[in-house]
Amino acid sequence: MNEETRQNLALGLISVRDNQSSPVAPGVTQLTLKFVNVCFVAEPSQDRWVLVDAALPRQEGKIIAWAKRLFGDRPPAAIILTHGHFDHIGSALALSRHWQVPLYAHPLEFPYLTGSQPYPPADASAGGGVISRLSPLFSRGPYHFNDVLSPLPEDGSVPGLDSWRWLATPGHSPGHVSLFRQEDKTLIAGDAFVTVQQESLGQVILQRAKLSGPPRYFTHDWGQAFESIRRLAKLSPAMATTGHGPPVGGALLTNGLEHILNHFHADHMPKHTFMH
């Protein structure tokens with residue numbers, strides 16, 4: 001049994017939701033495909049939109065269909081990657097070629113997206129349930145996006161979205177970024193934190209909103225992960241969409257971020273891991 005077959009069997013166990021959309025904020029729609037979210041983000045005043053993240057492989061048809069439903073035949077101005085893990089970039093190359101638009105990511109993600117090196121091995125002992133134990137079967141790359149990949153602008157601007165800024169939120173991966181719109185305090189957090197306990201198959205199936213730290217099995221710098229969550233909490237976001245789980249806002253978001261920070265060592269990172 002080859003690596004792709006093993007991964008597909010593992011993903012089959014956790015492909016529990018599909019093609020489910022949720023409004024997040026004006027101009028922001030979250031689409032759940034299997035167990036991961038993508039975001040369609042419109043800039044109505046400029047008649048533009050971008051796609052944030054690109055789900056698992058072979059999801060491009062569903063993403064294109066939803067884009068057509070939301071925006072007609074108008075392609076996005078860009079595809080923004082919060083980071084380069086397999087479940088966020090799986091359909092990125094196909095979508096980039098279909099729409100003839102660039103992919104943007106933080107330069108610290110480039111080694112994994114330009115064929116230089118794979119991500120570090122998954123931590124199957126991270127705890128929390130079945131998905132952690134399956135994580136060694138997931139692809140670590142490297143991926144080959146060289147001809148369509150561009151770095152995010154150094155000034156924090158987001159290509160195609162004048163009212164948004166990107167923020168470095170490393171920890172889950174070296175070049176992880178989040179997006180923030182100050183005018184209504186809407187946050188696209190990627191996997192800096194998530195709104196479901198992603199390690200647990202049961203919680204992923206139920207999709208009950210509960211803030212959690214980044215997925216443990218693929219987080220390799222817990223000190224940075226903590227500081228990134230603290231940075232996002234200081235923004236006082238009113239509404240958030242994350243890479244996994246339903247959108248959250250209000251007291252659930254505010255109190256959830258506070259709880260993560262106050263109980264990070266005990267509840268949100270592997271017991272065998274210590275922050276430096």
Side-chain angles (χ1 to χ4, degrees), residues 27-29 31 33 36-43 45-60 63-64 66-67 70-71 73-119 139-182 186-192 218 224 228 231 241-243:
V28 183
T29 300
L31 176 65
L33 295 168
V36 64
N37 301 322
V38 302
C39 277
F40 302 93
V41 186
E43 193 76 88
S45 61
Q46 276 93 28
D47 199 33
R48 294 197 302 258
W49 69 279
V50 307
L51 180 72
V52 180
D53 286 338
L56 293 159
R58 294 180 290 280
Q59 301 301 301
E60 60 269 17
I63 294 171
I64 291 166
W66 269 97
L70 292 169
F71 308 110
D73 292 325
R74 180 158 41 103
I79 299 170
I80 311 295
L81 302 177
T82 61
H83 61 299
H85 286 159
F86 80 106
D87 52 338
H88 292 257
I89 56 83
S91 297
L93 190 59
L95 290 168
S96 175
R97 289 176 173 167
H98 172 80
W99 283 317
Q100 293 294 295
V101 298
L103 304 174
Y104 287 90
H106 192 287
L108 290 177
E109 295 294 285
F110 276 37
Y112 316 107
L113 300 175
T114 59
S116 295
Q117 64 187 75
Y119 282 100
S139 173
R140 298 188 289 119
Y143 309 101
H144 299 271
F145 298 162
N146 309 55
D147 59 332
V148 296
L149 187 64
S150 296
L152 285 164
E154 293 183 3
D155 63 3
S157 61
V158 179
L161 296 178
D162 292 350
S163 60
W164 292 76
R165 308 289 290 177
W166 69 265
L167 308 165
T169 48
H172 184 58
S173 72
H176 189 287
V177 300
S178 302
L179 278 61
F180 189 65
R181 184 168 63 188
Q182 178 64 39
T186 298
L187 174 65
I188 300 173
D191 284 359
F218 268 163
Q224 284 190 332
S228 291
R231 181 182 188 190
T241 171
T242 69

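Taking the six-membered ring where tryptophan is involved, the planes of Phe71 and Trp49 are essentially parallel, since the angle between them stays under 30° and well short of 60°.
The two atoms that bring Ala92 and Leu103 nearest to each other are O-CD2, 3.8 Å, heavy atoms only. Between Ser96 and Ile79, the closest heavy-atom pair is N-CD1, 3.8 Å. Taking both residues in full, the closest heavy atoms of Gly141 and Pro118 are given as O-CB, 3.5 Å, listed atom of the first, atom of the second, then distance. Summarising the geometry of Ser150 relative to Pro102, their closest heavy-atom pair is OG-CB, 4.4 Å, with the distance given to 0.1 Å. Closest approach of Pro159 and Ser157 over heavy atoms only: CD-O, 3.8 Å. Of all heavy-atom pairs between Trp99 and Pro75, the closest is CD1-CB, 3.8 Å.
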For this session: Start with the C-alpha distance between Gln117 and Tyr112, add both sets of side-chain angles, then the distance that settles side chain to side chain contact (heavy atoms under 4.5 Å, CB included), and finish with yes or no.
Result: CA-CA 5 Å; Gln117 64 187 75; Tyr112 316 107; 3.5 Å; yes
Exercise. Does the side chain to side chain contact (heavy atoms under 4.5 Å, CB included) test come out yes or no for Val148 and Gln100, once each step is laid out?
Worked result: CA-CA 9 Å; Val148 296; Gln100 293 294 295; over 6 Å; no
For this session: Given side chain to side chain contact (heavy atoms under 4.5 Å, CB included), test Ile89 with Phe145 step by step and report yes or no.
Result: CA-CA 10 Å; Ile89 56 83; Phe145 298 162; 3.9 Å; yes
Exercise. Going through the checks in order, is the side chain to side chain contact (heavy atoms under 4.5 Å, CB included) test met by Trp66 and Phe40?
Worked result: CA-CA 9 Å; Trp66 269 97; Phe40 302 93; 3.7 Å; yes
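Sorted by first and then second residue, the ring pair (Phe, Tyr, Trp, His ring centres under 6.0 Å) pairs with a member in residues 158-181 read His83-His172, His83-His176, His85-His172, His106-Trp166; sequence neighbours excluded. Among pairs with a residue in residues 104-119, none fulfils salt bridge (Lys or Arg N to Asp or Glu O under 4.0 Å), at least two apart in sequence or across chains.
A donor-acceptor pair under 3.5 Å links the side-chain atoms of Arg74 to the main chain of Asp47, judged by distance alone. Listed for the Ser178 side chain is a donor-acceptor partner under 3.5 Å among the backbone atoms of Ala189.
For the pair Tyr143 and Leu93, the minimum side-chain heavy-atom distance is 4.5 Å or more. Side chains of Arg165 and Leu179 form no contact here, defined as non-hydrogen atoms less than 4.5 Å apart. Contact check for His88 versus Leu81: no side-chain heavy atoms found under the 4.5 Å cut-off. The shortest distance between side-chain heavy atoms of Ser163 and Glu43 falls below 4.5 Å. The shortest side-chain heavy-atom distance between Pro111 and Pro142 does not fall under the 4.5 Å cut-off. Residues Ile80 and Leu152 have side chains in contact (heavy-atom distance under 4.5 Å, counting atoms from C-beta outward). In this structure, Val41 and Arg48 have side chains that are not in contact, with every pair of non-hydrogen atoms separated by 4.5 Å or more. Contact check for Leu108 versus Ser173: no side-chain heavy atoms found under the 4.5 Å cut-off.
Between Asn37 atom CG and Asp191 atom CG the span is 9.0 Å, to the nearest 0.5 Å. The OG atom of Ser91 sits 8.5 Å away from atom CD1 of Ile64, with the distance rounded to the nearest 0.5 Å.
Salt-bridge annotation for Asp162 and Arg181: absent, with no side-chain N of the basic residue lying under 4.0 Å from a carboxylate O of the acidic one.
Screening Leu56, Asp53, Ile63, Asp87 for a side chain to side chain contact (heavy atoms under 4.5 Å, CB included) with Leu33, the sole residue that qualifies is Ile63.
Residues satisfying the side chain to side chain donor-acceptor pair (under 3.5 Å) criterion with Thr114, sequence neighbours excluded, are absent altogether.
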